[in-house]
Amino acid sequence: MEATPKPEAVSKTVHELILSGEDLPEKYIYKGSDAGLLDAPRPYMDVPVIDMALLSSPSTTTQQLHDFRSALTHWGCFQVINHGMEAKFLDQVRDATKQFFALSPKTKNKYMREDGSIEGYGNDMIVAEHQTLDWTDRLYLTISPEHRRQLKFWPENPENFRDILHEYTMKLEDISRVMFKAMARSLNLEENSFLDMYGEDATLFARFNFYPPCPSPDRVIAIKPHADGTAITILLQDKQVEGLQFMKDNQWYRAPIIPEALLINAGDQIEIMSNGIFKSPLHRVVTNSERERISVAVFCIPNTKKEIEPVDGVVDEKRPRLYKKVKDYASIYFQYYQRGRRPIEGAII
Ligand SMILES: O=C(O)CCC(=O)C(=O)O
Ligand SMILES: [Fe+2]
């Protein structure tokens, strides 16, 4: 791959841009297909709802595993209920996120990311020339393992932000393990097949997304179409405001909101590990002119020292190996993404 310019912060976050009253800068005008039609009506997707209590029990039925597998092969995503967190707690995570983004730019800028790094607060990063910017401000934090947390980027306002995020992290670690085991069982594999490759020292990386109301929802996108470079992504959606869309058969579908559920999608690395049986779905976020939206995406990223490849048991004569070995996949991910290309192309044999 060609060398990439060093990531650079643009001068203003979207929040600052709005407060400045400036006209919409050209670099936010989306040029992809669908430009000018980004706010066209879309049908809902029939995203499967998975009951985690049933999935984690040793007596999971064949039907439940079949439904789970089918969710991952058709949509590449599902909503999870009974995940062990109360609806009230999920609201606390949402509220803490909203409160942080509602702070003044000056206060938030204390947590501003540093040049050349993505961790911290800021807007979409410029990594390629002529890049269209996403209409979003973000806070990126490594949340697990604990020894890699950079607390200087962890907000102290609202006061309970750090405690809530710590508790949320612990829960998501458990949930991710249950998911990897169930994914293996759903393919009749030994239950640790994916977990062993994912590794002990895997990273959970949280991206808090804030999407202010946008003056041109037909021409400005909140997050460009992409598939996640993770093994899996665990998403907490805004409780009231939609925006997330998934692509299937070349059509965009709206993801419905289930307030007490988490939305989990497959990422490129589980697509590779499953030899393409699980699909890492293309998705995007659109803006609207009336209401702000937040979301919290937690990226579950395999240990960067582990080689990722199709696991034993998913390659046979009928299903030849589709992907090469990859290592530290996340590191090349952003450059591909900003050029509008799918990083997984580089892993296909
Ligand atoms: O905001 C959302 O609903 C999705 C965000 C997303 O796709 C991401 O952060 O990768
Ligand atoms: Fe995503």
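Atom set for the values below is all heavy atoms of this structure, side chains included, hydrogens, waters and symmetry mates excluded. Each ligand, and each atom within it, is numbered from 1 in the order the structure gives. Throughout, numbering of the chain's residues begins at 1 and tracks the sequence.
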Donor-acceptor pairs are to be reported for all side-chain atoms of residues 39-51 against protein atoms at under 3.5 Å, with residues two or more places apart or in another chain.
unit_1 : atom_1 : unit_2 : atom_2 : d
R42    : NH2    : D34    : OD2    : 3.1
Y44    : OH     : E242   : OE2    : 2.4
Y44    : OH     : R254   : NH2    : 3.0
D46    : OD1    : W75    : NE1    : 2.9
D51    : OD1    : A53    : N      : 3.0
D51    : OD1    : N82    : ND2    : 3.1
D51    : OD2    : N82    : ND2    : 3.1

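Restricting H226 to its N, O or S atoms, the one at the least distance from the Fe ion (ligand 2) is NE2. The Fe ion (ligand 2) lies closest to atom OD1 when only the N/O/S atoms of D228 are considered.
Between K171 and D174 no salt bridge is recorded (no basic side-chain N to carboxylate O distance below 4.0 Å). A salt bridge is defined here as a Lys NZ or Arg NE, NH1 or NH2 lying under 4.0 Å from an Asp or Glu carboxylate O, and K305 with D201 fails to meet this definition. Salt bridge present: E309 and R321 bring a charged side-chain N and a carboxylate O closer than 4.0 Å.
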Practice prompt. Assess whether ring-ring contact (aromatic ring centres under 6.0 Å, His included) is satisfied between F100 and F208, documenting all intermediate values.
Written response: CA-CA 10 Å; F100 170 72; F208 298 80; 7.9 Å; no
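The shortest distance between side-chain heavy atoms of E167 and Q92 does not fall below 4.5 Å.
With hydrogens and angles disregarded, no donor-acceptor distance shorter than 3.5 Å links the side chain of T142 to the backbone of R149.
Closer than 4.0 angstrom to ligand 1 by heavy atom are R207, N209, Y211, I223, H226, D228, L235, L244, H283, V285, R293, S295, A297, F299, sorted by chain and number.
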